[in-house]
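Below: one structure, written as structure tokens.
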Amino acid sequence: MCFASLGLSAPILKAVTEEGYDTPTPIQLEAIPAVLAGKDVMAAAQTGTGKTAGFTLPILDKLSKGEQAKANQVRALILTPTRELAAQVAESVATYGKHLPLRSTVVFGGVKINPQMMKLRKGVDILVATPGRLLDLYNQNALRFKQLEVLVLDEADRMLDMGFIHDIRKILALLPTQRQNLMFSATFSTDIRKLAKGLVNNPVEISVSPRNTTVKSVGQWVLPVDKARKAALLTHLIQENQWEQVLVFTKTKHGANRLTRQLETHGINAAAIHGNKSQGARTKALADFKNGTSQVLVATDIAARGLDIDQLPHVVNFDLPNVPEDYVHRIGRTGRAGATGEAVSLVSADEFKQLSDIERLIQNLLPRKLIDGFEPRHDVPESHLNQRPPRANRPKRAKPGHSDGQRSGENARGHKPAGKNKRHHTSGNKAAGVNSGKSVYRGNQSQRTTAKSV
Ligand code: AMP
């Protein structure tokens with residue numbers, strides 16, 4: 001299936017070709033026709049699946065056929081949880097829409113509001129925004145929603161995690177009731193479902209796993225180590241292996257700052273990116289990392305969410321995340337576009353529960369390696385695979401009487417959510433090349449290796 005058969009107009013197909021895309025991703029195959037047909041959409045998809053083009057391309061197509069935005073009006077509103085994601089989505093809108101006479105802009109907090117007010121004066125067809133700044137602009141009469149046709153909630157789960165629920169509800173109350181709603185979320189918790197209930201009508205439900213090319217090429221390792229020696233081990237790995245571009249995840253902002261300082265004292269150029277940094281500092285940290293000025297970017301999950309950094313060779317989990325799904329998001333940062341990548345987790349004894357939760361989610365035991373000179377004094381206990389997959393965390397199956405009859409392929413075939421989940425996780429890990437043959441992993445059988453081979 002090619003883009004041309006999805007019903008997109010020539011200027012959009014031209015931009016897509018110029019980007020070098022020849023085949024739509026699974027989410028694009030499902031979302032583009034649904035959005036063009038005017039349906040509401042509820043999609044379980046994370047960064048890396050091509051979801052941005054999945055909603056942007058059909059929105060551009062639809063808007064190019066209608067009347068342009070009048071003064072201070074907005075025709076499509078895309079809400080994102082973070083400034084970085086807003087900037088990236090806006091960049092995609094500009095790229096895919098470059099052959100169309102549509103206006104788009106992006107607004108987020110942390111920068112001056114006046115230039116944003118100026119840009120909104122003539123009206124914009126597509127506005128990408130973070131919730132807080134959008135409300136500020138509305139309260140200052142810089143925005144009107146009379147012409148609003150489409151609302152997109154991107155990474156809705158993160159918006160709730162970040163406490164945006166009240167802002168979102170306020171925004172929903174300002175919009176015309178007659179509109180198309182598209183909701184994207186990596187996970188579908190009870191709270192997300194509650195939000196969706198009041199938002200989408202008879203949605204087309206889409207559920208996709210990350211692109212296989214991404215997962216296939218990621219090698220995953222656990223390196224057991226004492227907590228106090230993690231920074232030294234990371235320094236050792238970077239220096240021994242001459243890693244040039246490493247994305248490191250920490251659980252807290254404070255931890256990210258501390259680790260950055262520790263790396264710098266060993267002559268490793270590092271920058272931290274998290275919610276307490278100013279917008280300018282975040283943009284600079286990302287730019288420095290992309291252009292190679294800094295070797296290491298230390299990030300918290302929320303700040304890293306949505307960052308599109310291509311072909312990252314090394315991702316390090318300095319701390320394991322509390323939410324096991326975040327592990328999957330994190331390792332999705334490496335091995336993109338068919339490049340090989342490694343995801344290495346430094347795990348101390350107190351993180352055993354997080355490790356077990358991750359292994360249960362991905363239905364696999366992660367292989368362990370001991371690094372000479374860094375063997376832990378406090379052993380990380382043996383892992384036992386809990387083969388009951390965690391509760392399904394995706395959109396509910398449509399009821400048999402689903403009025404529009406449009407469900408994702410899996411639902412339409414009547415698979416149970418738990419089965420779907422299991423299959424998804426299992427196949428993901430086969431692709432990752434991790435052997436799940438044994439259901440008990442013995443820590444004392446851990447492979448010994450030098451840092452070089454990691
Ligand atoms: P997203 O999931 O929207 O963050 O997209 C992840 C990456 O996939 C971005 O770098 C896009 O440029 C790229 N991408 C999106 N659609 C396609 C496609 N059909 N073919 C190749 N790359 C794509």
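Counting starts at 1 for both ligands and their atoms, in listed order. Below, each value reflects all heavy atoms present in this structure, side chains not excepted, and no hydrogens, waters or symmetry copies.
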* Judging by distance only, is a nitrogen or oxygen of Gly50 under 3.5 angstrom from one on ligand 1? -> yes
* Mutual orientation of the aromatic rings belonging to Phe55 and Phe184 [parallel < 30°, tilted 30-60°, perpendicular > 60°] -> tilted
* **Numbered atoms and elements of ligand 1 in range of Thr23, under 4.0 angstrom, heavy atoms** => 18 (C), 19 (N), 20 (N)
* Using a strict cut-off of 4.0 Å, indicate which atoms of ligand 1 neighbour a heavy atom of Thr52. => 1 (P), 3 (O), 4 (O)
* **Qualifying residue, where the test is side-chain hydrogen bond (donor to acceptor under 3.5 Å, both in side chains) with His274 and the options are Asp301, Asn257, Thr300** => Asn257
* **Distance filter under 4.0 Å to Lys51 heavy atoms, resulting ligand 1 atoms** => 1 (P), 2 (O), 3 (O)
* Contact atoms of ligand 1, heavy-atom distance to Phe3 under 4.0 Å -> 19 (N)
* Between the side chains of Arg368 and Ser383, does any donor sit under 3.5 Å from an acceptor? -> yes
* Under 4.0 Å, heavy atoms only, figure out whether ligand 1 is touched by the backbone of Gln28, its side chain, both or neither. => side chain
* Any donor and acceptor pair, going by atom type alone, linking the side chain of Glu155 with main-chain N or O of Thr80 inside 3.5 Å? -> no
* Would you say Asp40's side chain and Asn181's backbone share a donor-acceptor pair under 3.5 angstrom? -> yes
